[in-house]
Amino acid sequence: QVQLVESGGGLVQAGASLRLSCAASVRTFSTYAMGWFRQALGKEREFVATISKYGGSTYYADSVQGRFTIARDNAKNMVYLQMNSLKPEDTAVYYCAARYNIVIRTTAQVDYWGQGTQVTVSS
């Protein structure tokens, strides 16, 4: 049982930065790979980024490569998504995700989801 709570979303203008946080209520946090997904209105939920158990490996969707950075702090049971150079196309609900052991690439691989936090980027 893992509970995930996202925060940090909001309304920003294009080019701005935003940092999302995800707090995990789990006693073995480093046992889980973590990730971020997003879902825009009328669209499928899509992969954004993932990070391995100890933070040694990260992977990003092509659409955010070079702009977004995923990080984790296992001492705090926290995962972050630093979003820079935001574009209107980044507007979506962003979801924190956890998967036992292995990094996440698809929604089907996710074991636990957070409730989501809205990110809106105006032009």
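Here, residue 1 is the first one in the sequence, and each next residue gets the next number.
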Contact summary for Y60 and T69, nearest pair of heavy atoms = OH-CA, 3.3 Å

ask   = Would you say L86 and I70 are hydrophobically clustered, going by side-chain heavy atoms of ILVMFWY under 4.5 Å?
value = yes

Intermediate values then yes/no, side chain to side chain contact (heavy atoms under 4.5 Å, CB included), V64 and R38 = CA-CA 11 Å; V64 307; R38 66 187 183 186; 3.8 Å; yes

inquiry  = Quick check: closest heavy atoms across T50 and R105, and the distance to 0.1 Å?
reply    = CG2-CD, 4.2 Å

message = As an exercise, state the distance from CG of D111 to CD1 of I104, rounded to the nearest 0.5 Å.
response = 7.5 Å

ask   = Is there side-chain contact between R99 and V110, with at least one heavy-atom pair below 4.5 Å?
value = no

message = Measuring only between side-chain heavy atoms, which start at C-beta, is F29 closer than 4.5 Å to V79?
response = yes

request  = Can you see which heavy atom on K43 is nearest to which on Q39, and at what distance?
outcome  = O-NE2, 3.1 Å

task = Answer with yes or no whether the hydrophobic clustering places V103 together with V48; edges join I, L, V, M, F, W, Y residues whose side-chain heavy atoms lie under 4.5 Å apart.
result = no

In one Ile/Leu/Val/Met/Phe/Trp/Tyr side-chain cluster, 4.5 Å: I51, L18 = yes

query = Taking C-beta and beyond as the side chain, do D90 and R67 meet within less than 4.5 Å on heavy atoms?
reply = yes

query = Counting N and O atoms only, with roles assigned by atom type, does the side chain of E6 sit under 3.5 Å from a partner on the main chain of T117, one being a donor and the other an acceptor?
reply = no

Side-chain touch M83/L20, heavy atoms, less than 4.5 angstrom = yes

query = In terms of ring plane angle, is the pair Y94 and F68 parallel, tilted or perpendicular, where the classes change at 30° and 60°?
reply = tilted

request  = Mind running side chain to side chain contact (heavy atoms under 4.5 Å, CB included) on C96 and W36 for me, showing each step along the way?
outcome  = CA-CA 5 Å; C96 183; W36 289 93; 4.1 Å; yes

ask   = Taking C-beta and beyond as the side chain, do M34 and L4 meet within less than 4.5 Å on heavy atoms?
value = yes

request  = Kindly give the heavy-atom pair with the smallest separation between V12 and A16, and that separation in Å.
outcome  = CB-CB, 3.9 Å

Contact summary for P88 and A14, nearest pair of heavy atoms = CD-CB, 4.1 Å

query = What is the minimum heavy-atom distance between A33 and I102, and which atoms define it?
reply = CB-O, 3.1 Å

inquiry  = Quick check for you: to the nearest 0.5 Å, what is the distance between F37 atom CZ and W113 atom CH2?
reply    = 4.5 Å

From CA spacing to verdict: side chain to side chain contact (heavy atoms under 4.5 Å, CB included), R27, N77 = CA-CA 9 Å; R27 299 182 183 184; N77 282 22; over 6 Å; no

ask   = Is Q82 reaching over with its side chain to a backbone N or O of R19, donor-acceptor style, under 3.5 angstrom?
value = no

inquiry  = Are V121 and K87 packed together at the side-chain level, in the sense that at least one heavy-atom pair is separated by less than 4.5 angstrom?
reply    = no

query = Can you find a heavy atom in the side chain of S21 that is under 4.5 Å from one in the side chain of K76?
reply = no

query = Would you find more than 12 non-hydrogen atoms of other residues, nucleotides or ligands less than 6.0 Å from E89 atom CD?
reply = yes

request  = Check for a donor-acceptor pair, side chain of Y112 on one end and backbone N or O of Q3 on the other, with a separation under 3.5 Å.
outcome  = no

note = Sequence neighbours excluded, the answer for salt bridge (charged side-chain N to carboxylate O under 4.0 Å, His left out) partners of R72 is none

query = Below 4.5 Å, heavy atoms only, C-beta onward: do V2 and Y100 meet side chain to side chain?
reply = no

